[in-house]
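Numbering starts at 1 and runs along the sequence shown. All values below were derived from every heavy atom in this structure, side-chain atoms included, with hydrogens, water molecules and symmetry-related copies excluded. Model, not experiment: these values are computed from the prediction.
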Amino acid sequence: MAGRKRAASRSHATSATASGPSRPTRSSARRSVVPDIYREMLVEADAQSNTISSERPLKRRRPGQRNEQLLKKSNPPEATPKTEDADDEDEDDVQFEDVPPPTATVQTVYRDSEEEDDDEMQFEDVDFSFPPSNLDATEDGNQDLELNFSARTIESPRKAVDRRKPISKAEKDRRIEIHKTHLLCLLAHVARRNRWCNDEAIQDTLRTLLTKKMVTYLNPGTHLSQFGRANSLKEGLQQVGTMYKTKYQITERGIRRALWAENEEHLQNYSLPDDAESTLEKSDFLKAAESLSGSRDVGAQLYCALLRSAGVEARLVCSLQPLGFTSGGPPLGKPPKAKGKLSLAERYAQQQKIDNPLDSPAESSSSIHRRLGHPNATAFHVPPIPISLSSREAPPTPKKIRESPYPIYWVEVLDEAHQKWQPADPLVTNSFWKPQKMEPPSTDRENCMTYVVAFEADGTAKDVTRRYAKAYNAKTRKMRIESVEATGERWWRKALHAFSRGYSTDLDQIENNELTALELREPMPRNIADFKDHPVYVLERHLRRNEVLVPGASSSGTVGPGSTGPLEKIYRRKDVRIARSREKWYRMGRQVLPNEIPVKFLPKRAKPKADSLDDDGDDDPSEPNGTPIYTYDQTVQFKHPPVVNGRVPKNRFKNIDLYVPSMVPEGGAYVADELGARAAFILGVDYAPALTGFHFKGRQGTAVLHGVVVAAEYEEAVRAVIDGLKDQAAEMEQQRRTREVLKAWRLFLMNLRVRQRIWADVDSEGEANAQTPMDLDNGKAVAHEQESEDEAQQSDDSSEDEAGGFMVDDDYAGGFMVD
């Protein structure tokens, strides 16, 4: 109905404007009744249908709404002759003009995905300021509308995602070395603080805080039951912890997680915070014990000293915070900029001082006079009230220290009744016997639990990370040195060996069994990322190129990426086997059995690695499907042909492959010495140089020959000749050194004789005055001339040799003739 009404109105308005002043009709009378707002809308609709505007289309106006600015009216179109049928149609359609127009339709746009940028949804910002060139052309109103967003896209490109680049292998190796060095420094730091806790002066200072009742609870008698002794110790720890927490004040910041800087420029102006820990020496530690104030790390250390002073066997536990070796950790961030403007709190405090100044007595009296309504009130003198400024000034509030809600230092106490170490932390978590409260979440920026080391009173250190980490194998182990290096576990044991007592006690064995049981009871990971490099479980997607599952491996469960994703089977790590190519097995001293089917074909790499010794780097051009690989069960030990009649088997290069000791042929012996080939040649026995490996430089490898393989019956003779050659070489070296020493002494003695003859008739004082730098230079020149002549003639030391450029007499030496 609305569309029919609009069409009729448009035709009616056109005929009315074209006829001009004419006789009134019934239809014109009815048109006069139409409100002016409707007429304006009809004229605007007619003008917009014949004009192409580059501006954005306006919303439809409601009947009671006026435009703030009227659009310019276009010239009316030429009139067309009107027939009676058209008049009748107008008369029939006029009855719908009082119908209210329909409400405007609200345009709704939905985002296709959550990752879509907000800039793409802002259609209102499209630039339509440039009008089209064909304004006078008449186009069809039903033509499709085309919007071009290319210009807008060029002006405001999509913001690039700031993704962190992965570190290179050289950078990772450097970070691993820094990680190790930082670990050793942190271990030395904790060991030093542990020795401070044993200081008698510090323990005597802290012992005064304990009451007799507390000491009795902390040291239960042996007459109590197992439960009674454990309960007494726990009750004493709670009493001591409550007392210690009320008296100790945290005024400084302790250790926090070490982070890598994204750019070296961020470290140029880096400085420690003002509230950093100031306890550096034992004297500072003693002052902190007397004042009971400092960082919460010092508080935990003093708490350990307090328990040791009461006779409790306590260990100082520290969660080491070394620099990580991965690129996934949080960055250090940019250094804070200098404050150019006041903060919001400072500006608010300054505004309060301006709005509420201290009123003077004169101002206060005048304000009182104004409030009094009596005419003679101005003659009343208000006594001045003294105002003390000190009472108005608020006491300075201590600066709040924001740290991780999880501790770095805490204490472990030995429960002798159950032979177990139990944690105690009265300052941060205020917990006892609850090891699960010590591990921070992965989102904690200032605390990361990777290495937890406990130090006893005698200086013994033990790694107790498995007691506190909830997912040691799934998460924590990936951030430790054991997961990044094959020898990482051995290195960590060697680092802790410096803090071991040298033997294992019964309590140590009980604790080792407890930690092993905790590791075995760790539940299965619940997400796919934690299965990567897991020591117990594995997914098929995480298998390396040279890893396969044993035939018939049973799954231990299933896991999926989400509620709708496909489920994947979980296998045990013990069911995974390493497969290698034929060449790799041969270099390990094994050969593949004949007619064995490969368990897998490795696809060829686009860019092969430089080291061809890799398991998947031996690409055979004759294999179109890739490199076949085999498991250990498909191989046997390789054996060379035996040595027969003293003849050693050789390959086409006249040597023998000897990658492992098991490849020595039967009846032969391997002599690992560089002089083996020479010794065998001197004896005239058959031998074969041993090829022990290859030295690769790029893709090209050079054979490394070391030692020889001879018959077993010639081994002793070859080794004897080698010893003789070594003795002969040592003797020749000794003779050469002797000649050099004698030559040096001969030159020294000749110089002394020359000097003696020159100053023979001069006393010591004259000699000291006459000796100048020029004389010294001349002496050096004479000595140099003598040395050159000795090298030219190569003569022995005799009375007829020349020395210093002079003729030597039989009775004298020094180059002078005898009178």
Side-chain angles (χ1 to χ4, degrees), residues 174 177 181 184 188 498 671-685 687 689-690 692-693 695 697 702-708 715-819:
R174 187 177 71 91
E177 296 300 326
T181 306
L184 297 178
V671 181
D673 197 285
E674 296 292 343
L675 299 175
R678 184 180 176 186
F681 179 78
I682 293 174
L683 292 175
V685 299
Y687 68 95
T692 58
H695 176 68
K697 186 176 182 181
T702 305
V704 177
L705 300 176
H706 181 72
V708 293
E715 179 184 4
E716 185 177 356
V718 171
R719 294 188 182 278
V721 174
I722 290 175
D723 294 340
L725 293 176
K726 290 182 178 179
D727 294 341
Q728 182 181 2
E731 185 179 357
M732 294 177 63
E733 178 66 19
Q734 182 66 24
Q735 292 177 1
R736 186 190 64 82
R737 295 184 60 184
T738 302
R739 289 195 301 268
E740 293 292 335
V741 172
L742 291 177
K743 182 179 178 180
W745 275 105
R746 180 174 178 273
L747 177 62
F748 178 65
L749 292 176
M750 287 297 177
N751 292 337
L752 289 179
R753 290 177 181 178
V754 171
R755 185 181 183 281
Q756 182 181 3
R757 275 303 173 189
I758 292 175
W759 303 101
D761 299 333
V762 182
D763 55 354
S764 59
E765 295 181 358
E767 178 182 356
N769 296 332
Q771 189 173 3
T772 59
M774 183 67 67
D775 299 333
L776 295 176
D777 295 340
N778 295 335
K780 292 181 180 180
V782 172
H784 179 70
E785 183 179 358
Q786 176 185 357
E787 181 180 0
S788 60
E789 292 179 359
D790 292 342
E791 293 179 355
Q793 296 181 4
Q794 294 293 329
S795 59
D796 297 334
D797 188 10
S798 61
S799 60
E800 297 178 356
D801 293 340
E802 296 180 358
F806 300 94
M807 299 298 296
V808 181
D809 189 73
D810 295 338
D811 299 332
Y812 299 96
F816 294 95
M817 301 298 295
V818 182
D819 294 337

Would you give the length of the straight line joining atom [atom1] of [X] to atom [atom2] of [Y], rounded to the nearest 0.5 angstrom?
| X | Y | atom1 | atom2 | result |
| --- | --- | --- | --- | --- |
| Glu715 | Arg719 | CD | CZ | 4.5 Å |
| Glu674 | Leu725 | CD | CG | 13.0 Å |
| Ile758 | Arg753 | CD1 | CZ | 14.5 Å |
| Ile682 | Leu675 | CD1 | CG | 9.0 Å |

Quiz item: Between Val718 and Leu683, is any pair of side-chain heavy atoms under 4.5 Å apart?
Solution: yes
Exercise. Could you check if a side-chain atom of Asp673 sits within less than 4.5 angstrom of a side-chain atom of Lys726, using non-hydrogen atoms only?
Key: yes
Quiz item: For Tyr687 and Phe681, which heavy atoms make the closest approach, and how far apart are they?
Solution: CE2-N, 4.3 Å
Quiz item: Sequence neighbours excluded, which residues qualify as side-chain contact (heavy atoms from CB on, under 4.5 Å) partners of Gln734?
Solution: Thr738
Quiz item: Does atom CD of Glu716 have more than 12 heavy-atom neighbours from other groups under 6.0 Å away?
Solution: no
Quiz item: Tell me, which pairs form a ring pair (Phe, Tyr, Trp, His ring centres under 6.0 Å) where one or both residues lie in residues 726-754, sequence neighbours left out?
Solution: Trp745-Phe748
Practice problem: Applying salt bridge (Lys or Arg N to Asp or Glu O under 4.0 Å), run through Arg737 and Glu733 and close with a yes or a no. | Solution: CA-CA 6 Å; Arg737 295 184 60 184; Glu733 178 66 19; 5.2 Å; no
Exercise. For the pair Thr692 and Leu705, evaluate side chain to side chain contact (heavy atoms under 4.5 Å, CB included) and give the outcome as yes or no after the intermediate values.
Key: CA-CA 6 Å; Thr692 58; Leu705 300 176; over 6 Å; no
